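In what follows, a structure is listed as structure tokens, so that the remarks can point back to it.
What you see is a predicted model, and the numbers here were worked out from it, not measured in a lab.
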Amino acid sequence: MNERATVVRTPATYQDVLDAPPNMVAELVGGTLHLQPRPASKHARASFSLAGRLEPLDRPNRDRTGWFFTFEPELHLGHDVLVPDLAGWRREGMGEFPDTPAFELPPDWVCEILSPSTRRFDLIEKRTLYGQWSVGHLWLVDPQAETLEAFELRGGEWVLIGGFEADNEVRVAPFAEIGFPLSNLWP
């Protein structure tokens with residue numbers, strides 16, 4: 001089935017997010033409901049592979065620092081509801097990992113895996129909102145082009161801090177302590 005992203009232009013509410021079909025990812029930005037199909041196989045594979053590379057950081061250190069990561073968390077940022085492909089919070093900033101259906105604390109890092117149907121939405125609207133909510137780092141992974149771009153928020157502006165392709169080793173903030181060949185994300 002080849003589903004496409006849909007933008008519902010009528011004023012939408014969180015109830016519209018809850019009522020979305022289960023095969024769709026629902027996001028709410030500025031009162032507009034955005035519906036996207038669940039990720040395609042290359043998209044899902046890149047997300048899974050990247051999470052595997054980051055997994056060693058998802059364990060508390062002796063000083064209880066480290067990260068909490070999750071797939072497709074529902075973020076409630078003001079009146080907007082966003083669902084990044086991956087997100088991470090520093091343990092020292094989050095404290096206990098909540099047992100809730102949604103997160104109100106903005107993550108410290110998000111990763112969007114770009115798809116043809118959501119590319120514009122991820123690059124423009126979501127990137128802008130992540131900056132407004134002071135998400136410190138944003139990674140954009142493109143499975144079609146087999147690239148990764150890493151951005152850091154500085155003075156309210158996104159600054160490109162690394163671009164990777166082919167077999168480049170990815171070693172960039174906020175995870176500069178680990179490295180992996182970018183090609184590990186592709187089948």
Those residues that, when tested against Glu55, pass salt bridge (charged side-chain N to carboxylate O under 4.0 Å, His left out) (two or more places apart)
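Once residues adjacent in sequence are excluded, the partners of Glu55 under the salt bridge (charged side-chain N to carboxylate O under 4.0 Å, His left out) criterion are Arg59.
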Are more than 12 heavy atoms, taken from residues, nucleotides or ligands other than [X], located less than 6.0 Å from that residue's [atom1] atom?
X      : atom1 : result
Glu169 : CD    : yes
Glu177 : CD    : yes
Phe48  : CZ    : no
Arg171 : CZ    : yes

When hydrophobic residues are tied together by side-chain contacts of less than 4.5 Å, even through go-betweens, does [X] share a cluster with [Y]?
X      : Y      : answer
Leu140 : Phe164 : no
Val83  : Leu18  : no
Val29  : Leu75  : yes
Leu123 : Leu153 : yes
Phe68  : Leu138 : yes

Do Trp89 and Trp67 have ring centres separated by under 6.0 Å?
no
May I ask you to check whether Phe151 and Tyr130 place their ring centers less than 6.0 Å from one another?
no
What closest approach, in Å, do [X] and [Y] show between heavy atoms, and which atom pair accounts for it?
X      : Y      : value
Leu160 : Ala150 : CD1-O, 3.4 Å
Ile113 : Pro143 : CG2-CG, 3.5 Å
Gly163 : Asn168 : O-OD1, 4.3 Å
Val81  : Tyr14  : CG2-CD1, 3.9 Å
Val110 : Pro107 : CG1-CG, 3.4 Å

Roughly how far apart are [X] [atom1] and [Y] [atom2], rounded to 0.5 Å?
X      : Y      : atom1 : atom2 : value
Asp80  : Glu125 : CG    : CD    : 9.5 Å
Leu54  : Phe180 : CG    : CZ    : 6.5 Å
Glu74  : His76  : CD    : NE2   : 3.5 Å
Asn23  : Arg38  : CG    : CZ    : 8.0 Å
Phe71  : Leu86  : CZ    : CG    : 5.5 Å
Ser115 : Lys42  : OG    : NZ    : 11.0 Å

Could you please spell out the steps behind the side chain to side chain contact (heavy atoms under 4.5 Å, CB included) verdict for Asn184 and Ser49?
CA-CA 7 Å; Asn184 284 0; Ser49 295; 5.9 Å; no
Side chains of [X] and [Y]: does their closest heavy-atom pair fall under 4.5 Å?
X      : Y      : answer
Val135 : Asp108 : no
Trp158 : Arg127 : yes
Phe103 : Met94  : yes
Trp139 : Leu148 : yes
Val17  : Glu27  : no
Leu28  : Asp16  : no
Leu50  : Cys111 : yes

Do Arg91 side-chain atoms and Asp58 backbone N/O form a donor-acceptor pair below 3.5 Å?
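Between the backbone of Asp58 and the side chain of Arg91 there is a qualifying donor-acceptor contact (under 3.5 Å).
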Do Ser47 and Asp85 have side-chain N/O donor and acceptor atoms under 3.5 Å apart?
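Short answer, no.
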Quiz question: by atom type and distance under 3.5 Å, do the side chains of Glu152 and His137 form a donor-acceptor pair?
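On atom types as modelled, these side chains qualify, holding a pair under 3.5 Å.
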Stepwise side chain to side chain donor-acceptor pair (under 3.5 Å) test for Asp167 and Ser183
CA-CA 5 Å; Asp167 280 330; Ser183 60; 2.6 Å; yes
Could you walk me through whether Phe97 and Phe69 pass the ring-ring contact (aromatic ring centres under 6.0 Å, His included) check?
CA-CA 10 Å; Phe97 191 79; Phe69 296 107; over 10 Å; no
What pairs with Asp122 under side chain to side chain contact (heavy atoms under 4.5 Å, CB included), at least two apart in sequence or on another chain?
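Glu112, Leu114, Thr118, Lys126.
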Parallel, tilted or perpendicular, judged at 30° and 60°: which one describes the rings of Phe121 and His34?
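The arrangement is parallel - the two ring planes meet at less than 30°.
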